[in-house]
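Beneath this line is the structure, given in structure tokens, with notes to follow.
Lettering follows sequence order; numbering is per chain, from 1.
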Amino acid sequence: MKKFQLGEFEEIVMLTVGILYDDAYGVSIKKKIESRLKRSVSVGALQAALKRLEKKGYLKSHDAGATPERAGRPKRYFVITAYGKKALTYMRDTRNALWDDIPEVAFNLKNAGQ
Amino acid sequence: MKSHGPPHLFLRFFRWFCHPSLKDPVEGDLMELYLERRKQFGRRSADLKFALDVLLLFRPGIVKFPNFHHPNTAMMYKSYFKIGWRNLVRDKLYSLIKILGLSIGLTVCMLIFLYSKDEISYDQFHQNKGRIFRIIQHWDFGPEQKQTIGVTNGVLGEAFASQVPEVAEYVRVNGIDVWVKKGSDIVHESPLAVDSNFFSVFTFTLAEGDPRTALHDLHSIILSREVARRYFGTDDAMGKTMQIRINDDLWDFTVTGITDRSPQNSTIKIDMLVPFGLYARYINNNKGWLGGSMNTFLLLNPEADVSAAERKMQDIFDRETRDQLAKVKEEQGFSVKIRLGLQRLTDIHLSRNPGPDNGMADGSDPAYSFVLTCIAIFILIIACINFVNLAIAQSMKRAREIGVRKVIGSTRKQLVRLFLTESFLVSSVSFCIALLLTMGIIPTFNSLANKELDFSYLVDGYLIGGFLILLIITSFTAGFYPALVLSSFQPVQVLYGRYKTKGRNLLTKGLIVVQFTLAMFLIIGTIAINSQLNFLFHANLGYDSQNLVRVEIPIRNTSESLPSLFKNELAGRPDIVSVAARNGGRSISGVRADGKMIEIENVKIDDRFLSTFRIPIVSGRNFSPDHPSDSLHSVIVNETFVRAAGWKTEDAVGRTVQFMDEAKREATVVGVIKDYHFLSLKEDIKPELLSMNPSFNFGEIWIRIDGVDVPGTLSRIRSTFVKLVPLFPYSYEFMNDINARNYESETKWRQIITIASALFMFISCIGLFGLVGLSVEHRTKEIGIRKILGAAISTIVGLISKEFALLVGVAFVVATPAAWYAISRWLELFAYRIDPGWWMFASGGILVVAIALAVVCMQAIKAAVASPVNSLKTE
């Protein structure tokens, strides 16, 4: 049984929130992912993911910074919670452990199949 | 502004579906992105991407789902019903007024629904209803002389069925007059002569017999069960024979089919059907293309183009009639254009021009449906007005309740629901009463409306649906405004008792004015219709219409000698004053007088006609046996003719007129009579030419009786008739009855308008009664104090009545011009009419004001005579 529920896109979103630190809100997260990963992200997908993560307790949010460009609507900033950090660390650790256990020869693709 | 923002529609959509917790920040994101993209890629692309974003946002997790969780709605509705019921029971009088008004309104609506349903259902039961058409003819004699007739000659159907590809079949349907032998009696019947394919075109079934072959034999006859029972005492009449006389021939007919009663919503009613083939021998005009005497129905092919068929028919018709029309123009000096048309079978019932005739039955004026529907809707509206007015006036009583409800936490929505529930309750009760009333009234309504409606008619999906919609609409119209007003009370104000209904008063007043305007309009209309009908029934017709009996005689070779036989037979009896003869029906032709063409009523009379009718001769003399040449060479004209010819009454005698027939016969005017109204007063008196021309048949015998022993005299006339004209049915009619029949539709309108105005007045008055009652209740203390300070009862009555009387007065001012306009338009239908006099409006106004004042005073006096002690000690 999985200890932490975290999908691939969710993990990317969380990491990006981490990168952006105190400037992580909808548009900035979207742009960051798009520029770093060269993939397009729809507002809908992003918001759905953010909402899911917040519900799971990995992220928390606060509203601030309404500007005229936003027609007076506030930005919803996200930060990673301690629990979220644990989840990220767990993901990384399990993955690293898996990486570490891959024998050198398995990546030697030239010999593969011989 | 709009051009700066993203697509409005999508933004609205987003706002609508987005979960509230996400709405603001996400919308901010969207706006930010939008502005950026616009700078970068331009407006179109930004718009597109915005729309796409919004659509992609429409996903679970972001969409808000409606909250279905209303824990105690059912409980609340239960409570609403309970409170509503208690309120109804507490104010019994006001509830009664509301329910009574609404029940009447709903009853009228239901009846009209039934009526209209019946009207539009006519002839819809035929399987081929979309394909059956009647040939009609539009005759155009020039400007303002147009006529449309529904009859054609027999040859048209045959020709079109064979030459026009769109036409599949034709059926001729014509009502004819025959005499059936029943034992020793001769009974007049009007069977339909129809072609043998009648049953394959129209959807009528035979209870017995084969519809395909039943009319093949020329001496076969089909009877309805009722008729069969009448003649044979049993409806098992197949194969039996009956003797029937058509014109002067007696034939044996064999019964080859029995039908059930025809649907009541059919314009073709089957009592007796005879083959057209036999009847065709008796009509000499069957070969000609011009004119007409029967209904010709065409069954078009499925999906045939109606206008194409009409065009092809017209081409054939023009080709066939060209020579004949040219001849008519040459000989008679007038030209006519005839255009053929196709009239749907299902349109015939509600059509006036031409309607169902020549054997078809049940014509109806669509104006009835229209006016009745309007009346029903208005009655319902004024009943709803009662509800609204009373509910608002009662609101003062309930202001506290509403205040407390609001303080406890009732939302406005809940209060609206409460009041709508109450109005629904009242409407439902009224609805049930209305259903019962409708059941009870249907027989009376049937006789009024000439219908055979049955309550079982109500059991119909559409009608039940219609009634339910009616119920819902009524509850909403009646309950919605009060609900809005009452639920808007501010609790602080009403609980302090500071609340005043200022603006609402204006609305109440307006609605009262509307009610009484409608009532007054109708009452003035009733007075006008009554006085016009009075005028028609009592107008001086130019002759003495009392004790004048008409007996129809058969038009035969013998008819010329019949009148004198009658005269001899009846001579010397003291109860017969005189006997005269006239042609039957109307005959219109033209004569030339001093080179002028005059269209005339061509009347054939005998020398006793003028004296029997007591029509005065202005100059000259009557026809007389002393002048043998009178029968061919003398005519008498009326004053209108003299005027039309441009003569003077004094010098008219001795002048000549020339007939427009082929012989161009000339005749001398020997006398001038005063104008008289032989026809309805709706028509102008036409130039009339009376002659004794022997080539023109008598059709009616007119007998003036002394009127002492009417039944005895009539039976003597009857026995004389039976002796002189055997084998011909006897029928008589009094001139006064004939005249009254001319105004049948006016009499019907009078009934409708009278009933409607009584209902309007009644509903308006009970509403007013309730309102005054409530206003008195509010002012109980004020009245008590006034009385203590010495106000007289009359002062207090005046105080209360004043404002209501004023409203009725305003209604009078509004109603009068409208009524004047409507009455004037209606009176234009009559050539002879009264002028809409001021007294109509005055008496109508006084009547309404008097009734309204009586209603108001009833309440006011009750309040004024009450002891102030009682009103002041209660708190």
Is Asp47(B) salt-bridged to Arg37(B), cutoff N-O under 4.0 Å? no

query = Is it true that atom CZ of Arg92(A) has more than 12 heavy atoms of other residues, nucleotides or ligands lying nearer than 6.0 Å?
reply = no

*asked:* Please check: side-chain N/O of Lys38(A) versus main-chain N/O of Ser35(A), any donor-acceptor pairing under 3.5 Å?
replied: yes

Contact list (residues 9-23 of chain B to chain A, heavy-atom gap under 4.5 Å, by number) returns Arg15(B), Ser21(B), Leu22(B)

Ranked by heavy-atom pairs below 4.5 Å to chain B, first place among Lys55(A), Arg76(A), Arg70(A) goes to Arg70(A)

Chain B shares the most heavy-atom pairs under 4.5 Å, among Pro68(A), Ala48(A), Ser61(A), with Ala48(A)

Practice task
For residues Tyr58(A) and Tyr83(A), establish whether the separation of their ring centroids is below 6.0 Å.
Solution key: yes

Of the listed Asp29(B), Leu56(B), Leu57(B), the one with the largest count of heavy-atom pairs under 4.5 Å with chain A is Asp29(B)

Nearest heavy-atom approach of Ser410(B) to Leu415(B) is OG-CG, 3.8 Å

Bottom line for Lys30(A): the part with an atom under 4.5 Å from chain B's heavy atoms is side chain

Turns out that what part of Leu30(B) lies under 4.5 Å from chain A's heavy atoms comes down to side chain

Exercise for the section: Measure the acute angle between the ring planes of Tyr34(B) and Phe50(B), then classify it against the limits of 30° and 60° as parallel, tilted or perpendicular. Expected result: perpendicular

Could you pull out every donor-acceptor pair under 3.5 Å between side chains of residues 6-17 of chain A and any protein atom, sequence neighbours left out?
residue, atom, partner, partner atom, Å
Glu10(A), OE1, Gly7(A), N, 2.8
Glu10(A), OE1, Lys56(A), NZ, 3.0
Glu10(A), OE2, Arg52(A), NE, 2.8
Glu10(A), OE2, Lys56(A), NZ, 3.1
Glu11(A), OE1, Arg95(A), NH2, 3.0
Thr16(A), OG1, Ile12(A), O, 2.6

Note: Gly84(B) and Glu422(B) closest approach over all heavy atoms is CA-CG, 3.3 Å

